[in-house]
Number of protein chains: 2
Amino acid sequence: MDIRKYKSRDKVLVAVDCIIFGFDGKQINVLLIKRGFEPEQGKWSLMGGFVGKNENVDDAAARVLKQLTGLADIYMEQLYCFGKADRDLAGRVVSIAYSAFINSADYSEQISTDHEARWFPLSKTPSLIFDHKQMLDKAKKALREKVANHPIGFELLPFKFTLRQLQNLYEAIYETKLDKRNFTKKILSIKVLKKLKEKEKETSRKGSFYYVFDRAHYRKLEHEGIKFV
Amino acid sequence: MDIRKYKSRDKVLVAVDCIIFGFDGKQINVLLIKRGFEPEQGKWSLMGGFVGKNENVDDAAARVLKQLTGLADIYMEQLYCFGKADRDLAGRVVSIAYSAFINSADYSEQISTDHEARWFPLSKTPSLIFDHKQMLDKAKKALREKVANHPIGFELLPFKFTLRQLQNLYEAIYETKLDKRNFTKKILSIKVLKKLKEKEKETSRKGSFYYVFDRAHYRKLEHEGIKFV
DNA sequence: CCAAAAGTGTTTCTATTACACCCATGT
DNA sequence: ACATGGGTGTAATAGAAACACTTTTGG
């Protein structure tokens, strides 16, 4: 029984599409780009491109992101493979979607000046080509599920951040309000935040202390299954 | 800026590989097949095959499973896309892995007589071709994460089952012992099991009541985020 | 009557929720 | 002096964990 044969099998185009989430201190944004070629030229789309014959799919995602936005050394995670036969109007393309989390403040000038990419608040995304809306929806759902048990919240924040900023982030992700005291208590009880002596003085007279995520200490606790929310 | 062009892009083979988990009342098993063609002919492998030019990737997975095992109408879920350039010895193949959960008792004769597929206990899997071990490991991890919040445990059990069988299943998945009283209390508190009048009499003199999973009622509660373990 | 598995409650502890006031500071 | 956001504690409740004996019945 020879179900698989390599010769004479159909080859198809394989693409990657990147969903980049950013947080600006207030809301979650997603990075979109004006598509520069047909079909659907001029419409908004995720950052996408084709995988080369001898290129790892993961590497293709990083390369495409770099080419289209200038972003490099971003940790991206595979989200899902979108494989409907008719998903791309121009022919058979299987697309592997990747998502990443960055803090938009650190990167936004670099992106919008050099490239045709733009941040959109999640609540105000334009209509997207092909099945990109579906990809985005899936990524949003995965973000919610992931952020509860993994420290990716910290990817979305600047290196140092206040507890208020962290709380704003969780509130944005879950579209809910949290109690400040309970939130502080819980997040500090995990013991993966280090309080700095320095204060942030922009948003209040009193100023609020900066914290940093203690990656090293987190690694030690990781296997115990930490719940962040 | 024309990063993507459809013509002149590299096309590659796209495959699917299926990880089928089964539970026999005692342990978790995985279905493997003796590979029938080169390279690596005669070695153990997951059920795999190529995606056709006009075939949805999901459909390809179902077709391949049917062809290699006879199993049809099994709910499979996409696990991950394995995209390393050198993962297949015979050439560039991007593989999308799928996994499914069935109760091995219901299917085992059908499978092993008609086809070259065999059940292996998770603890005694032979060495596998290519990156199939990695696929299996990822599937095991996903099973653990998924089973806590989704009612897939019931896919692995026969239609009617005893609380002991259900507990055995969770114990097998998490490789741990659970307290019978606490387990019973918790699982019944979810209110998705219906107790039958009938008793299972094989494993004890006293006999233990059968239960069935109440799918309809589960659908109603689904959105509230049930925790099964 | 005995071996083997089924069935069943209570207590302790831990985690989550609800809730309100004082503090520090720049203007 | 006051407006603004920062920082903090306690009590009530719910959920998880620890723990052991009685019941049934085929042989």
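Protein chains get the first letters and strands the later ones, always in sequence-line order, with residue 1 at the start of each.
No N or O donor and acceptor, one from the side chain of K206(A) and one from the base of dA24(C), sit under 3.5 Å apart. Below the 3.5 angstrom threshold, one finds no donor paired with an acceptor across the side chain of K186(B) and the base of dG15(D).
In this structure, the ring of F228(A) has its center no less than 6.0 angstrom from the ring center of Y170(A). You'll find the ring centres of F82(B) and Y80(B) inside the 6.0 Å limit.
Of all nucleotides listed (dA5(C), dG7(C), dC19(D)), dA5(C) comes nearest to the side chain of S204(B). Comparing dT27(C), dG7(C), dT8(D) by their closest approach to the side chain of R205(A) singles out dT27(C). Considering only side-chain atoms of K185(A), the nucleotide from dA17(D), dG9(D), dC19(D) that sits closest is dG9(D). If you check dA17(D), dC23(C), dG26(C) against the side chain of N182(B), the one that comes closest is dA17(D).
Of the two residues contacting DNA chain D, namely K227(B) and G207(A), the nearest-nucleotide position lying further toward the 5' end is that of G207(A). Between L188(A) and K201(B), the residue anchored nearer the 5' end of DNA chain D, judged by the nucleotide with its closest heavy atom, is L188(A).
Taking atom CD of E200(A) as the reference point, atom C1' of dA24(C) lies 14 Å away to the nearest angstrom. Per the geometry, NZ belonging to K199(B) stands 15 Å off P belonging to dA5(C), to the nearest Å. Atom pair Y211(B):OH and dA6(C):C1' shows a separation of 10 Å (rounding to whole Å applied). Between F183(A) atom CZ and dA15(C) atom P the separation is 18 Å, expressed in whole Å. The nearest whole Å value for the distance from the CD atom in E202(A) to the P atom in dG26(C) is 13 Å. Remark: C1' of dA16(D) and CZ of R181(B) are 14 Å apart, rounded to the nearest angstrom. In this structure, the NZ atom of K180(A) is 17 Å from the C1' atom of dT10(D), given to the nearest Å. Here dA5(C) presents its P atom at 9 Å from NZ of K26(B), a figure rounded to the nearest Å.
With respect to the salt-bridge test (charged N to carboxylate O, under 4.0 angstrom), the residues E155(A) and R215(A) qualify.
If you run ring pair (Phe, Tyr, Trp, His ring centres under 6.0 Å) between F161(A) and each of F154(A), F209(A), F213(A), only F154(A) comes through.
Looking at K84(B) and D131(B), their side chains never come closer than 4.5 Å, going by heavy atoms from C-beta outward.
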